[in-house]
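Each remark here refers to the structure printed beneath this line.
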Amino acid sequence: MQPKKNQEKYTQQTMLSSFAAISSSYGNAFPGLSAQQLRRWHRRRVRSRVRSAQEPAKLQYKKLGDSDLLISEITLGTMTFGEQSTEKESHDMFSYSFDQGINILDTAEIYPIQPKQETQGRTDLYVGRWMKSKPRDKVILATKVSGYSDRTFLRDNAEMVRVDAPNIKESVEKSLSRLSTDYIDLLHIHWPDRYVALYGEFSYDSTKWRPSVPFEDQLKALQELIDEGKVRYIGVSNETSYGVMRFVQAAKLHGLPKIVSIQNGYSLLVRCSFEVDLAEVCHPNNCNIGLLAYSPMGSGVLTGKYLDDNSGNSESFRLNLFPGYMQRYNAPLAKEATKEYLKVAKKHGLTPVQLALGFVRDRPFTASTIIGATTMDQLKENIDAFTSAPRPLPPQVLDDIETVFKRYRDPAVL
C-alpha cells in the first residue's frame with residue numbers, strides 16, 4: 001500500500017491528467033485565460049476535490065414537521081446517563097456529539113432507566129450542568145412528560161400520574177429546574193394517557209380500555225406552557241395512528257398547537273407498527289409529523305453481542321443488567337433474525353451497526369435517529385457507522401434486507 005502522501009500525489013497527478021485531456025474545452029469556456037492560468041485553475045480544482053474526498057462525511061439536517069427546528073439526523077439519547085454512565089462520562093459524550101454536529105438531545109423526566117425514585121431526574125441534572133457551558137440556542141433540548149403510570153414518586157401529591165393539566169405543568173416546571181433552562185424546545189408525551197398496546201404488545205386488548213384525559217384537554221394544557229414561553233413545540237411518543245389523528249383533529253378544530261414529531265421504536269426488528277399506517281399518517285402531504293426513531297439497534301441486539309453468551313463482558317450489557325427489560329429484542333425469533341441480518345452485513349462489507357443505522361437513516365419518514373451509548377467507544381462507533389454507511393444503502397443491500405424481513409416480520413413483537 002502506498003504511503004498517504006504518495007497516494008495523494010498519485011491522485012492529484014491522475015486528476016490533473018484527466019483535466020489536461022479536456023483543457024481545450026475549458027479554454028473554450030474561458031477564452032480570456034492563458035494556458036498558464038488554466039493550469040493553475042486546474043490545480044486549484046484538483047486540490048479542492050482531493051480535500052473533499054478526504055473529508056469525513058458530515059451529518060445532514062432536516063426540518064422537523066411543521067416546526068422551525070432544523071435537527072441533525074442523529075439525536076443523542078440519554079436514558080442510560082446516571083445509571084450506566086457517570087456524569088463525567090456523560091458530559092464527555094455530550095461534548096463529543098455536539099462537536100460532531102449533533103444538535104438535539106433527548107431526555108425524559110423518568111430517566112435514567114431503569115426508573116426508580118432514588119435516581120429519577122439524575123439524567124436531567126447531568127444534561128443541565130453540561131448545558132451551562134454551551135450556547136443555549138445551539139442545543140435543541142427534547143424531553144418527555146410521563147403518561148399514565150403508578151410511579152407516583154414523579155409527582156409531589158398524586159394517586160396516579162396522568163396527562164392532565166396539573167401533571168403536565170408540574171412535570172415541566174421540575175424538568176426546567178433540573179435542566180437549568182428557561183424553555184424546552186420539544187416536549188413529548190412519553191406514552192398515552194389512555195390504554196394502548198405498548199412495548200412489544202402485538203394487539204389491542206379491548207378489555208383494558210379505560211377513561212382517559214380528552215385530547216383537547218391535553219393540548220390546552222400544553223398550549224398554556226407554549227404561551228408562557230416554557231415549551232416551543234410538542235410531540236407524542238409510543239403513539240398509534242388513532243392517537244396521532246385525534247391530536248391533529250383536536251388541534252385543527254380548536255386552534256390548539258399541532259404535534260410536530262413522534263418518537264416510536266423503529267429498527268430492522270420492529271417495522272410493521274410504523275410502516276403499515278403511521279407512515280401514511282405522518283407523510284409530509286398528510287399530517288407532516290417527523291419520526292424520531294428510538295432503539296434503531298434493537299436495544300443493542302443488532303450488534304450481535306447477545307448471540308455469544310460467553311462474551312467476556314456480557315454481564316455489563318443492558319439486557320443482562322436489567323432482566324426482563326426490553327427482552328423482546330432478545331427473544332429466540334429476534335436472535336434468529338439478527339443472525340440473518342449479520343450475514344447480510346458481512347456479504348456487503350458492512351458492519352452490523354452500519355447496516356442497522358443506515359437502514360433507519362434512509363427511511364423517507366425518519367426525521368432523526370435516536371442513538372444511545374454507555375461508553376465513548378460505543379458512541380463513536382454509532383456516529384461513525386451512521387456517516388460511513390453508503391448513502392443511501394445500495395439496492396442490493398435493501399433487497400437482501402427485505403428477503404430476511406419476509407421471513408421474520410417484526411420478530412421483536414410479542
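What's counted below: heavy atoms across the whole structure, side chains too, no hydrogens, waters or symmetry copies.
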Are [X] and [Y] close enough that some pair of their side-chain heavy atoms sits under 4.5 Å apart?
{"X": "M79", "Y": "Y294", "result": "no"}
{"X": "F386", "Y": "E73", "result": "yes"}
{"X": "I401", "Y": "L355", "result": "yes"}
{"X": "R151", "Y": "S146", "result": "no"}

To the nearest 0.5 angstrom, please state how far the [atom1] atom of [X] sits from the [atom2] atom of [Y].
{"X": "K380", "Y": "Y96", "atom1": "NZ", "atom2": "OH", "result": "5.5 Å"}
{"X": "Y408", "Y": "L268", "atom1": "OH", "atom2": "CG", "result": "14.0 Å"}
{"X": "T75", "Y": "I140", "atom1": "OG1", "atom2": "CD1", "result": "8.5 Å"}
{"X": "F81", "Y": "Y126", "atom1": "CZ", "atom2": "OH", "result": "10.5 Å"}
{"X": "L64", "Y": "N288", "atom1": "CG", "atom2": "CG", "result": "8.5 Å"}
{"X": "I289", "Y": "F247", "atom1": "CD1", "atom2": "CZ", "result": "10.5 Å"}

What is the minimum heavy-atom distance between [X] and [Y], and which atoms define it?
{"X": "V353", "Y": "A385", "answer": "CG1-CB, 3.5 Å"}
{"X": "S267", "Y": "L302", "answer": "CB-CD1, 4.3 Å"}
{"X": "A356", "Y": "P296", "answer": "CB-O, 4.0 Å"}
{"X": "M245", "Y": "C287", "answer": "SD-SG, 3.7 Å"}

**Message:** If we count only N and O atoms by modelled type, under 3.5 Å, do the side chains of T374 and T80 hold a donor and an acceptor together?
**Reply:** no
**Item:** Short side-chain donor-acceptor distance under 3.5 Å, D277 and S241
**Value:** yes
**Request:** Output, in order, the C-alpha distance, side-chain angles, deciding distance and verdict of side chain to side chain donor-acceptor pair (under 3.5 Å) for D68 and Y233.
**Result:** CA-CA 9 Å; D68 64 358; Y233 297 101; 2.7 Å; yes
Just wondering, are more than 12 heavy atoms of other shown residues or ligands nearer than 6.0 Å to [atom1] in [X]?
{"X": "Y204", "atom1": "OH", "answer": "yes"}
{"X": "E280", "atom1": "CD", "answer": "no"}
{"X": "K62", "atom1": "NZ", "answer": "yes"}
{"X": "K134", "atom1": "NZ", "answer": "yes"}
{"X": "D99", "atom1": "CG", "answer": "yes"}

Between [X] (side chain) and [Y] (backbone), is there a donor-acceptor pair under 3.5 Å?
{"X": "K63", "Y": "S67", "value": "yes"}
{"X": "Q223", "Y": "L256", "value": "no"}
{"X": "R361", "Y": "I74", "value": "no"}
{"X": "D362", "Y": "L393", "value": "yes"}
{"X": "T366", "Y": "V360", "value": "yes"}

**Asked** Who passes side chain to side chain donor-acceptor pair (under 3.5 Å) against S72, sequence neighbours left out?
**Response**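 Once residues adjacent in sequence are excluded, the partners of S72 under the side chain to side chain donor-acceptor pair (under 3.5 Å) criterion are N103.
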Any Lys/Arg nitrogen of [X] or [Y] sitting under 4.0 Å from an Asp/Glu carboxylate oxygen of the other?
{"X": "E239", "Y": "R246", "result": "no"}
{"X": "R271", "Y": "E402", "result": "yes"}
{"X": "E275", "Y": "R363", "result": "yes"}
{"X": "R136", "Y": "D185", "result": "yes"}

**Verdict with reasoning, R155 to E109, per salt bridge (Lys or Arg N to Asp or Glu O under 4.0 Å)** = CA-CA 11 Å; R155 303 286 176 263; E109 66 171 339; 2.9 Å; yes
**Item:** E87 vs R129, salt bridge (Lys or Arg N to Asp or Glu O under 4.0 Å): CA-CA, chis, key distance, verdict
**Value:** CA-CA 9 Å; E87 182 163 8; R129 288 194 279 264; 2.6 Å; yes
**Request:** Would you sort out whether S133 and H91 count as a side-chain contact (heavy atoms from CB on, under 4.5 Å), showing the intermediate values?
**Result:** CA-CA 11 Å; S133 65; H91 285 189; over 6 Å; no
**Item:** Residue among T107, T123, T143, D124 satisfying side-chain contact (heavy atoms from CB on, under 4.5 Å) with R178
**Value:** D124
**Request:** Assert yes or no for the condition that the ring centre distance of Y148 to Y195 is strictly below 6.0 Å.
**Result:** no
**Request:** Check the angle between the aromatic planes of Y266 and F365 and answer parallel, tilted or perpendicular using the 30° and 60° thresholds.
**Result:** perpendicular
**Message:** Is there a side-chain contact (heavy atoms from CB on, under 4.5 Å) between N330 and Q327? Walk through the geometry before answering.
**Reply:** CA-CA 5 Å; N330 208 20; Q327 285 297 332; 3.6 Å; yes
**Asked** So among K406, K347, K335, R407, which one has a salt bridge (charged side-chain N to carboxylate O under 4.0 Å, His left out) with E340?
**Response** R407
